[in-house]
K.L.:
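First the structure, then my questions, so here it is.
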Number of protein chains: 2
Amino acid sequence: MEPIQDKKTLLFESALELIRVHGFHGTPVSRVAREAGVAAGTVYTYFNSKDEMILELYKYVKLKVLAEVSTKDNPELPFQQRFFAFWDHLTSLYLSKPAFQSFMEQFVSSPYNTPELQQSTDLWGAWLGKFFEQGVAVGALKPLSPQILAIMVIGSVISLVRYLTYFKSKTQSVKGELTQIPQMVWDGIKNH
Amino acid sequence: MEPIQDKKTLLFESALELIRVHGFHGTPVSRVAREAGVAAGTVYTYFNSKDEMILELYKYVKLKVLAEVSTKDNPELPFQQRFFAFWDHLTSLYLSKPAFQSFMEQFVSSPYNTPELQQSTDLWGAWLGKFFEQGVAVGALKPLSPQILAIMVIGSVISLVRYLTYFKSKTQSVKGELTQIPQMVWDGIKNH
DNA sequence: AGCTAGTGAATGAACGTTCAATCAATTTTA
DNA sequence: TAAAATTGATTGAACGTTCATTCACTAGCT
């Protein structure tokens with residue numbers, strides 16, 4: 001846990017956790033404020049509206065994910081190794097911060113998300129694009145557009161994490177097999 | 001389009017479309033009623049609460065998906081062929097009924113969804129399980145648990161459909177490559 | 001003193017839900 | 001058969017609550 005920097009971050013973290021449990025509509029602004037230790041009105045010195053807060057929260061989380069994954073990537077390594085590391089980092093990030101995963105999923109499937117928003121400058125998307133581009137460039141990946149490759153990979157990570165979240169109990173039997181998922185994805189996207 | 005059977009179905013369809021556009025919270029019961037051509041109070045002769053309506057809607061949609069996909073499956077065919085047909089049917093169902101896809105995504109990532117609900121009897125999940133089991137049994141798929149295989153496949157379908165929904169314009173460049181996604185998934189899960 | 005940040009009670013709109021009244025259809029009675 | 005009674009679905013105005021947002025006021029800092 002990094003130290004809380006400013007009040008905005010405090011509000012973000014408070015909102016994240018509440019939204020994970022209760023969803024957007026189930027988390028009143030007043031509650032976000034209270035959990036963050038401030039009064040309801042204070043939220044409006046940092047955001048113009050609840051909607052704006054949620055939009056900024058989305059950008060905040062995306063940046064955090066980018067920071068985590070990009071820092072741990074080592075472009076010197078052979079691409080296959082980078083891929084498995086990437087998979088691992090993203091999966092464990094989501095598993096260790098369930099509020100990230102939950103919020104992102106809720107957000108992208110909500111009316112907050114629009115084609116315009118998705119196409120606006122998106123550092124995480126850009127980083128992903130470059131990552132898979134490099135994989136293609138060095139001949140490790142099938143010569144497909146980075147977007148298509150990202151679809152494959154991110155989709156599987158999300159499904160896997162969701163599965164683990166909803167079937168915590170049942171997973172004893174299949175836990176051993178879970179490590180095979182990145183291998184399968186790799187088999188699907190690798191060249192030859 | 002099948003003819004509208006009863007008022008419940010009418011309410012379901014009305015709710016589906018409204019939720020697709022405005023989300024759960026953005027669609028008041030009164031609006032669902034109005035679009036269905038009934039008064040607000042009428043909704044409560046069919047459902048005990050808005051929440052209950054949404055839970056039933058979830059089951060309704062899952063059954064529709066199951067009906068569509070299972071009817072079109074032909075167990076006589078070689079498994080690889082069944083797999084590509086399955087992929088195709090599920091993808092085009094979601095693309096042709098955006099409200100299905102949108103509602104299901106919103107639902108599963110919302111607080112409505114619980115581990116208990118996911119583990120309660122689920123015909124669609126059961127059908128999927130059997131489908132992939134058969135693939136393993138005939139030696140077409142890697143010997144993994146059906147759940148794991150389902151994660152891989154469904155995850156990619158969802159990501160693909162979501163991508164197409166949010167990047168309608170950009171897809172000209174990559175559209176040709178999209179057909180390669182099921183092929184990649186197949187490469188990942190097939191035996192040897 | 002002046003300024004900024006923070007407070008939290010107050011406001012008003014929106015929403016889920018209720019319920020007395022209405023209506024259409026069906027059954028009973030004469 | 002015709003009138004009367006019964007039934008149950010439907011209506012929509014009204015209720016109570018919740019919540020986002022505002023704002024007059026306060027606290028703390030320089």
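In what follows, chains carry the letters A, B, and so on, assigned in the order in which the sequence lines appear, proteins first and then strands, with residues in each chain numbered from 1. Computed from a predicted model, the values in this text were never measured in an experiment.
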K.L.:
Quick one: salt bridge (Lys or Arg N to Asp or Glu O under 4.0 Å) partners of A/K72, sequence neighbours excluded?
P.N.:
A/E68

K.L.:
Quick one: which of D/dT10, C/dA5, D/dT11 gets closest to the side chain of B/T45?
P.N.:
D/dT10

K.L.:
Have a look at A/F47 and say if it touches a base, only the backbone sugar-phosphate, or nothing, with a 4.0 Å heavy-atom cut-off.
P.N.:
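No contact.
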
K.L.:
Are A/F131 and A/F79 close enough that their ring centres sit under 6.0 Å apart?
P.N.:
yes

K.L.:
Measure from the ring center of B/Y60 to the ring center of B/F103 and say whether it is less than 6.0 Å.
P.N.:
no

K.L.:
Mind checking if B/V43 touches a base, just sugar-phosphate, or nothing, with heavy atoms under 4.0 Å?
P.N.:
nothing

K.L.:
How many whole angstroms separate atom NZ of B/K8 from atom C1' of D/dT10?
P.N.:
17 Å

K.L.:
Taking only N/O atoms, report every protein-nucleotides 26-29 of chain D pair under 3.5 Å with atom names and distance.
P.N.:
none

K.L.:
Under the side-chain contact (heavy atoms from CB on, under 4.5 Å) rule, what do B/F107 and A/S109 come out as? Steps first, then yes or no, please.
P.N.:
CA-CA 9 Å; B/F107 185 93; A/S109 55; over 6 Å; no

K.L.:
I'd like to check A/N191 versus A/V136 (side-chain heavy atoms, cut-off strictly below 4.5 Å). Are they in contact?
P.N.:
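No - every pair of side-chain heavy atoms lies 4.5 Å or more apart.
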
K.L.:
Only pairs at least two apart or in different chains count here, so list each salt bridge (charged side-chain N to carboxylate O under 4.0 Å, His left out) that has a residue in residues 183-192 of chain B.
P.N.:
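Sorted result for residues 183-192 of chain B: A/K142-B/D187, B/D187-B/K190.
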
K.L.:
Can you name the residues that form a salt bridge (Lys or Arg N to Asp or Glu O under 4.0 Å) with B/D51, not counting sequence neighbours?
P.N.:
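Partners of B/D51 under the salt bridge (Lys or Arg N to Asp or Glu O under 4.0 Å) test: none.
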
K.L.:
One character per nucleotide, please: for nucleotides 14-22 of chain D, 5' to 3', B when the base has a protein heavy atom closer than 4.0 Å, S when only the sugar-phosphate does, - otherwise.
P.N.:
-----SSBB

K.L.:
Rounded to the nearest Å, what distance is computed from the NZ atom of residue A/K7 to the P atom of nucleotide C/dT4?
P.N.:
16 Å

K.L.:
Which residues satisfy the salt bridge (Lys or Arg N to Asp or Glu O under 4.0 Å) test with A/D73, sequence neighbours excluded?
P.N.:
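Counting only residues at least two positions away or on another chain, A/D73 forms a salt bridge (Lys or Arg N to Asp or Glu O under 4.0 Å) with A/R82.
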
